[in-house]
Amino acid sequence: MAAHFVALRFRLLLGTLKQSPWAIVALVMSVLGGLSLLGGTALAAIAVRALAPELGASLAVLGGAALVVVLTAIAVLVGTSDPLAPERFSLLPLRARQLRAGLLAAQVLEPWSVVAALALALWLIVWSTSPVALVAAVLALPIGVATVLLLARAGSDLLARQLASKRARDAMAILLLLVILFAAFGIQLLANGLSGLADLGGAIGTAVSVLAWTPLGAAFDLPRVAADGAWLEAAAKLAIAVATIAIAWWGWGRLLDERLTNPIVLRGGGRVREGRALDRLLPATPTGAIAARSIRYRRRDVRHLMNVIATLMIPVIIGGVHLAGIVRVEVDGDRIPAEGLAFLPLLMAIVAAAIVQIDVAYDNSAFAWHVLTGVRGTADRAGRLLGISIVYLPALVVTAVLATWASGRWALLPGSVGASVGTFLLVAGVLLWLGALLPGDAPAPGANPLGRGSSGGVQSLAGLALTLPVLGTIGAPAIGLAIASVWIPWLGWLSLAAGLVVGALGAWFGIRVGGATLDRRGPEVLAHVAKER
Amino acid sequence: MTQPTPVDAPPPALHLERLAKRFGPKVAVDGLTLTVPQGSMLGLVGPNGAGKTTTLSMATGLLRPDHGAAAVLGHDVWRDPAAAKARMGVLPDGVHLFDRLTGAELLRYNGLLRSLPEEEVARRSASLLEALGLAGTGGTLVADYSAGMRKKIALASALIHAPRLLVLDEPFEAVDPVSGEAIRAILRDFVASGGTVVLSSHVMELVESLCDRVAVVADGRLIAAGTLDEVRAGASLQERFVQMVGQQAQGGESLAWLRTS
């Protein structure tokens with residue numbers, strides 16, 4: 001039975017690989033990503049072993065518990081598009097027991113499970129301080145791996161029913177996005193915080209000693225207690241760990257049992273307001289209609305909403321961290337002055353415009369309606385640009401005002417606005433054209449927004465490769481003058497003028513040349529974005 | 001391109017000339033030629049995988065053919081797409097809708113994409129929603145519609161610009177009997193007023209009761225076409241269809257193990 005499930009999993013993988021050469025490239029890149037994660041773990045383990053072996057035990061507990069949480073989050077995220085969802089087996093005469101064994105076998109071979117197990121194994125390096133600890137760690141390794149895999153699976157299946165409504169799924173996705181964003185900057189904070197090792201060590205120590213008595217951490221503390229010779233404590237923690245695995249195994253079986261007879265049906269969202277104001281505001285033309293639809297989608301489609309939130313969070317997080325003075329960003333030993341804040345909107349503009357390339361990919365096969373109605377490529381490009389400009393340009397200007405205020409030098413405002421608005425329109429225009437050639441990938445409508453294709457696919461790397469030289473040449477006057485205005489304030493007004501010219505040029509190029517390209521390649525673009533992945 | 005009709009006769013509503021498409025090693029459509037005169041209702045039938053959807057996609061500008069041509073009322077779909085698409089309304093099968101819009105917003109979107117005046121779009125979409133029984137669905141996203149409702153809103157999107165040719169891929173699939181009757185009435189009325197309909201279906205009885213012309217496709221080729229009576233040649237369409245394309249439909253001898261007694 002288990003062999004059947006494993007074979008099925010591999011056949012599904014082979015199927016996607018045969019469908020498109022891009023899938024192979026994506027697989028290679030995720031393998032490389034996994035290897036780099038493992039490499040990082042190995043380096044960390046060696047560093048801890050060599051420099052601070054006393055930290056190894058605490059980090060093992062922290063890392064193990066974090067692994068459980070992260071894997072649960074991943075399982076929740078991919079759960080909505082799981083090709084081995086229990087419901088798919090509900091018409092077969094299968095008992096939950098058989099299904100559980102089969103699904104576990106298939107899950108062990110999922111890439112993130114393999115990476116997690118190998119990462120736990122690499123941490124054995126840390127225990128090479130004493131033979132007893134090493135032996136205990138080797139014995140505890142299977143317990144740790146089982147804890148991670150089973151708790152993650154049972155936890156995500158427990159959440160699955162609560163996440164059946166679209167609103168709950170959308171909320172969950174946004175929450176996870178925020179956690180990821182904060183975590184990305186949190187790591188930076190932690191790295192800087194390490195300078196104050198004393199209090200950090202104390203705080204971590206307390207957290208770890210509590211965590212080690214919970215189901216999340218008990219399995220990962222076994223080698224330490226064994227090395228300490230605290231056999232009573234070891235027995236207690238072993239009992240906690242084994243009980244955790246047993247309860248997760250049993251509970252997961254119960255959940256599967258229920259899902260076989262009472263399948264989780266994904267429910268839709270509630271009612272929406274039909275915004276007439278937007279229709280009055282925009283012209284009743286193809287361009288106006290596409291812009292209005294684009295704006296509605298930023299709000300109603302969680303895939304677009306997450307992009308908007310991520311873009312708006314960038315200045316909030318970086319600016320907040322910078323202002324709080326927690327992170328001292330240093331370049332060549334000099335602290336970046338507060339003036340740097342005035343360039344936050346520029347960063348935001350680049351991120352916001354980068355998504356333009358795959359805008360059609362988000363439409364998926366619904367783009368067929370643009371082809372069927374024979375709407376001109378120029379109207380398509382202009383409508384999309386107008387829509388995202390209405391969303392992002394006010395945000396850029398507001399951010400520029402706030403960031404300039406925070407930097408304490410109002411003279412930087414014209415340059416800040418000029419560089420960011422010009423760059424936004426320039427990059428958006430260039431990517432509107434590129435998007436008609438290489439439309440990239442996006443998660444399918446209604447599918448998990450952080451799932452397959454959420455990074456834009458391999459073709460979006462071409463967008464990046466094109467964006468940087470364009471910024472360095474055509475975009476250089478507006479950006480360069482804005483930076484120069486830190487020392488010669490009146491240059492900021494030149495930057496504003498240059499930004500408006502460059503932006504208009506970019507928009508014109510995207511609409512005209514991009515539109516003509518789309519007129520030529522409409523059916524080919526449709527064929528690419530409508531492909532099932 | 002050789003037109004089979006004399007110069008002074010009206011051009012056919014749809015003319016397909018040796019259309020061909022290949023996906024990798026598989027030939028999906030193999031030199032298919034078909035003429036649909038104006039004012040007719042043609043049923044396109046064929047077994048699963050015969051190439052019906054591929055043919056309709058190439059005829060409507062969604063999929064570029066490897067060879068051949070398609071023309072709507074004399075306007076080449078691939079050389080003069082704007083003119084051909086303005087005269088044609090299409091209900092594609094297996095294609096997403098812009099489903100984060102409400103039904104009314106979706107109709108407005110399609111109407112404006114076709115450059116109709118705003119008041120006209122509002123008037124037409126209200127009467128289309130009424131006629132298809134979708135009037136009470138304001139505020140509901142198309143994503144939350146049932147399969148039948150989605151079919152109906154897609155059909156309304158294909159009708160909003162009052163086309164002269166309708167190309168409908170499986171228009172009755174998942175539609176309830178009452179709505180199905182409403183759609184038939186709309187299509188009959190449309191043809192009576194001089195419009196032309198090309199629809200694909202798997203239900204022979206439906207094609208027999210609704211269409212006056214039939215085209216049978218198998219393995220990407222046209223194997224029969226003409227008026228309903230010419231094609232069915234005295235038998236029922238179901239019987240003729242099975243004769244023409246079906247070898248596998250002979251009794252259940254090989255499935256003897258399936259019998260319960």
Side-chain angles (χ1 to χ4, degrees), chain A residues 18 166 267-276 278-280 282-294 296-305 362-376 379-380 383 444-446 519-524 526-527 529-530 532, chain B residues 23-24 57-58 60-65 77-78 80-106 108-122 137-146 154 157-158 160-161 167:
Chain A
K18 274 188 197 152
K166 194 159 75 202
R267 293 190 305 271
R271 301 170 69 77
V272 296
R273 274 186 304 127
E274 294 183 303
R276 307 234 179 262
L278 200 56
D279 290 335
R280 275 198 300 272
L282 290 160
T285 59
T287 301
I290 291 168
R293 203 265 301 171
S294 170
R296 288 200 170 100
Y297 262 58
R298 305 293 136 180
R299 204 176 54 217
R300 291 182 190 167
D301 189 329
V302 67
R303 300 170 302 154
H304 287 295
L305 184 60
Y362 280 104
D363 293 349
N364 206 289
S365 60
F367 181 65
W369 293 92
H370 282 212
V371 180
L372 284 176
T373 51
V375 63
R376 299 299 303 257
D380 178 285
D519 278 335
R520 223 166 5 88
R521 290 186 30 92
E524 281 72 28
L526 173 64
V529 298
E532 292 286 336
Chain B
F23 296 112
S57 297
M58 290 190 288
T60 54
L62 288 180
L63 180 69
R64 202 182 296 277
V77 174
W78 290 97
D80 185 8
K85 286 171 181 175
R87 289 163 176 78
M88 170 168 54
V90 183
L91 170 67
D93 190 36
V95 160
H96 282 106
L97 293 159
F98 284 107
D99 60 7
R100 296 304 171 110
L101 301 178
T102 67
E105 285 169 351
L106 184 64
R108 180 187 156 88
Y109 189 60
N110 275 289
L112 291 182
L113 284 190
R114 291 191 177 269
S115 300
L116 296 179
E118 194 176 10
E119 309 78 56
E120 193 63 25
V121 172
T137 57
T140 307
L141 295 182
V142 173
D144 294 334
Y145 277 17
S146 69
S157 302
I160 190 132
H161 59 298
V167 179

Among [options], which residue forms the greatest number of heavy-atom pairs with chain B at distances under 4.5 Å?
options	value
A/G383, A/G374, A/P523, A/A368	A/P523
A/V375, A/T373, A/T287	A/T373
A/D380, A/V371, A/L372	A/L372

Counterpart residues, side-chain contact (heavy atoms from CB on, under 4.5 Å), relative to B/S146 (two or more places apart):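 side-chain contact (heavy atoms from CB on, under 4.5 Å) list for B/S146, sorted by chain: B/M149.
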
Those residues that, when tested against B/A83, pass side-chain contact (heavy atoms from CB on, under 4.5 Å) (two or more places apart):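 Listed in chain order: B/H75, B/D80, B/R87.
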
With only heavy atoms counted, which part of [X] is less than 4.5 Å from chain B, the side chain, the backbone, both or neither?
X	result
A/L526	side chain
A/A527	neither
A/T285	backbone

Quick check: closest heavy atoms across [X] and [Y], and the distance to 0.1 Å?
X	Y	value
B/L101	A/R293	CD1-CG, 3.7 Å
B/L91	B/A154	CD1-CB, 3.3 Å
A/A366	B/F98	O-CE1, 3.3 Å

Greatest number of heavy atom pairs closer than 4.5 Å to chain A - which of B/A158, B/P92, B/S115: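 Looking at each of B/A158, B/P92, B/S115 in turn, B/P92 comes out on top.
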
Under 4.5 Å from a heavy atom of chain A, the part of B/A86 involved: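 Contact with chain A: none, neither part.
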
Criterion side chain to side chain donor-acceptor pair (under 3.5 Å) against A/D301, the qualifying member of A/R299, A/R303, A/H304: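 Going through A/R299, A/R303, A/H304 one by one, the side chain to side chain donor-acceptor pair (under 3.5 Å) with A/D301 is satisfied by A/R303 alone.
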
